[in-house]
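All figures in this text were calculated on a predicted structure; none of them were measured in a lab. Every number for a ligand or one of its atoms is a count from 1 in the order of the listing. Note: hydrogens, waters and symmetry copies are ignored here, and every other heavy atom, side chains too, is used.
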Amino acid sequence: MTESEPVNRPLRALQVGAGGMGRGWLRTIQAYDEVELVGVADLNVATAKAALDDAGLSTVPVAETLEQLADEVAADFVVDVTIPEAHHAVTLEALRRGLPVIGEKPLAATLAEALELVAASQAYDRLFMVSQSRRYNSQQFEFRRQIQRLGRLGILAAEFFKAPHFGGFRDAMDHPLVLDMAIHAFDSARFLVDAEPVAVYCEEYNPAWSWYAGDAATTAIFEMSDGVRYVYTGSWCSEGLETSWNATWRASGEHGTALWDGDSLPTFEVVEGRETGPEGDHNLVSEWFRPHTGSARLGPPPPPHQGIAGSLREFVHSLRTGSTPMGAASDNVMSLAMVHAAIESSRSRQRVLVADVMEKAYAQARERATGPVADALARWTSLTPPG
Ligand SMILES: NC(=O)c1ccc[n+]([C@@H]2O[C@H](COP(=O)([O-])OP(=O)(O)OC[C@H]3O[C@@H](n4cnc5c(N)ncnc54)[C@H](O)[C@@H]3O)[C@@H](O)[C@H]2O)c1
């Protein structure tokens, strides 16, 4: 379907990937009456069958691959919940078949692959949205509004300390924290300060007791386009007194400070009489997902749908209306650029310009891409991909 085609029935979803997160998507799709699950593909068919059985959906067709199911089930869109290394192939195939995609973060395993997928979304004229699920959090929206009351912002700091024992692909990744988790906090920083990353200095390291093969801890200092310094410190092997999965945050502006512990309502304090804003939302989010207008001091805001339930609703809304969702791949790619710039800085032990990392990835994408995707890439006049 095209983005604004009117369809007066639930939209048919074909889900690819039925591992840990795939099970969450099955539950989320089941709970949303605007979407109907018509098939599940997983290279491990037994995994797909077990997930469907557990969800009480045993009659839903399964297969190993998207290609095997796509013709049979006449889906309206694809949910890509495969491992990061498979995102490129699965999403490209779906878009090529004319199917819009909502995909799990990260957008792709490399920045070059990500740019190719942004171009594929343009070439085939189908929406590709990344489900950056931690954006869909009413407390974070409130924190953003509070930050706007602090006057000119100077510093944004996030701390993330947890100790999950996952097993599986994360334990073997080269950059488990930065690639798989910090992307959420990097994406939140862009959202919170409404600015794009300019440069980063980052160190990744692996504490002596870490059970990860790759670096499980990091500190990164980003310069944002409005001059704000965003400092992220995180560890994925820190037992005891853990932070929220959303990290804990401090924003420091010319008139005051705002704090968010990631799990409860944020608070802020400004010098008396100096409070500014908030200034509205610059059409940053789609009409459907406008942030609430309440204040933390007046009690909890009306809860928008949280997590992947929120991103799925915004995706469906965009398919039905043609609006641009927050997680449109052309926007989300800048969060992934922060990740890869941080990794490059850590590797080279140098401050790295995000534009340089984007430029290199763009050259690689142009070398890799073929057909309409290559043509779309060739039309770009700026390395901020057109939305
Ligand atoms: N938003 C969040 O908070 C959050 C949380 C966890 C995971 N994730 C993301 O979700 C994605 C999946 O993570 P997971 O924990 O479920 O991984 P997982 O390893 O548990 O499951 C991935 C599944 O995809 C299948 N698969 C891989 N390649 C495939 C292909 N080409 N075609 C069909 N099936 C394929 C595998 O067989 C496996 O069953 C990752 O991108 C991860 O970063 C997001």
Q: Looking only at protein heavy atoms, identify the closest one to atom 30 (C) of ligand 1 and say how far it is in Å.
A: L43 CG, 3.6 Å
Q: Can you pull out the closest protein heavy atom to atom 44 (C) of ligand 1? Residue, atom name and distance to 0.1 Å, please.
A: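 Going atom by atom, the protein heavy atom closest to atom 44 (C) of ligand 1 ends up being E104 OE1, 3.0 Å.
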Q: Does T47 reach ligand 1 with a nitrogen or oxygen that is under 3.5 Å from one of the ligand's nitrogen or oxygen atoms?
A: no
Q: Have H87 and E104 got a donor and an acceptor in their side chains that come within less than 3.5 Å?
A: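 Note: H87 and E104 side chains miss the donor-acceptor criterion.
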Q: Give me the residue, atom name and distance of the protein heavy atom closest to atom 19 (O) of ligand 1.
A: I83 CG2, 3.7 Å
Q: Return the closest protein heavy atom for atom 20 (O) of ligand 1 as residue, atom name and distance.
A: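 That would be G20 N, 3.0 Å.
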Q: Among all the protein's non-hydrogen atoms, which is closest to atom 42 (C) of ligand 1, and how far away is it?
A: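 Its nearest protein heavy-atom neighbour is K105 O, 3.7 Å.
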Q: Ligand 1 and S131, any nitrogen or oxygen pair closer than 3.5 angstrom?
A: no
Q: With heavy atoms of H87 as the reference, note each atom of ligand 1 found under 4.0 Å away.
A: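 Near H87, meaning under 4.0 Å from one of its heavy atoms, ligand 1 has 41 (O).
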Q: Heavy-atom contact under 4.0 Å between G168 and ligand 1?
A: no
Q: Have a look at A41, A86, G167, A48 and point out the one with the heavy atom closest to atom 28 (N) of ligand 1.
A: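 Nearest heavy atom to atom 28 (N) of ligand 1 lies in A86.
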Q: Considering only NZ, NE, NH1 and NH2 on the basic side and carboxylate oxygens on the acidic side, decide whether D226 and R152 come within less than 4.0 Å.
A: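 So D226 does not pair with R152 through a salt bridge.
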Q: Between R9 and E36, does at least one N-O distance fall below 4.0 Å, as a salt bridge requires?
A: no
Q: So which protein heavy atom does atom 40 (C) of ligand 1 come closest to, and at what separation?
A: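 Result for atom 40 (C) of ligand 1: T82 O, 3.5 Å.
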Q: Considering only heavy atoms of D180, which atoms of ligand 1 have at least one such atom less than 4.0 Å away?
A: 43 (O)
Q: A quick test of your reading: do over 12 heavy atoms of other residues, nucleotides or ligands sit less than 6.0 Å from CZ of R27?
A: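 Result for CZ/R27: open.
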Q: Hey, does S133 sit under 4.0 Å from ligand 1 if you only count heavy atoms?
A: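 S133: in contact with ligand 1 (<4.0 Å).
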Q: Which residue and atom name correspond to the protein heavy atom nearest atom 15 (O) of ligand 1, and how close is it?
A: R170 NH2, 3.4 Å
Q: Distance check, rounded to the nearest 0.5 Å: S188 atom OG versus N137 atom CG?
A: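 The distance works out to 8.0 Å.
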Q: With a cut-off of 4.0 Å, which atoms of ligand 1 are near a heavy atom of E64?
A: 33 (C)
Q: Does Q132 have a non-hydrogen atom less than 4.0 Å from ligand 1?
A: no
Q: Does P106, backbone or side chain, put an N or O under 3.5 Å from an N or O of ligand 1?
A: no
Q: Would you check if the side chain of W260 reaches a backbone N or O of S264 as a donor-acceptor pair within less than 3.5 Å?
A: yes
Q: In the protein, what heavy atom is nearest to atom 5 (C) of ligand 1, and what distance, to one decimal place, separates them?
A: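 Checked against all protein heavy atoms, atom 5 (C) of ligand 1 sits closest to M21 SD, 3.3 Å.
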Q: Looking at non-hydrogen atoms alone, which of D42, V45, V16, V40 comes nearest to atom 37 (O) of ligand 1?
A: D42
Q: Please identify which atoms of ligand 1 are closer than 4.0 Å to at least one heavy atom of G19.
A: 16 (O), 20 (O), 21 (O), 23 (C), 39 (O)
Q: Which label fits Y230 and F186: parallel for a plane angle under 30°, tilted from 30 to 60°, or perpendicular past 60°?
A: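 It falls in the perpendicular class, over 60°.
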Q: Which ligand 1 atoms, with their elements, are less than 4.0 angstrom from a heavy-atom of G17?
A: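 Here the atoms of ligand 1 in question are 24 (O).
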Q: Is it the side chain (CB and beyond), the backbone, both or neither of H184 that lies under 4.0 Å from ligand 1, heavy atoms counted?
A: side chain
Q: What atoms of ligand 1 come within less than 4.0 Å of a heavy atom belonging to V90?
A: 31 (N)
Q: Does P164 have any side chain to side chain contact (heavy atoms under 4.5 Å, CB included) partners at least two apart in sequence or in another chain, and if so, which?
A: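 In terms of side chain to side chain contact (heavy atoms under 4.5 Å, CB included), with neighbours along the sequence ignored, P164 is linked to K162, F166, Y212, W236, W245.
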Q: Which ligand 1 atoms, with their elements, are less than 4.0 angstrom from a heavy-atom of V81?
A: 12 (C), 22 (C)
Q: Within 45° of the six-membered ring axis of F191 and under 6.0 Å from that ring's centre, is NZ or CZ of R144 located there?
A: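 Yes.
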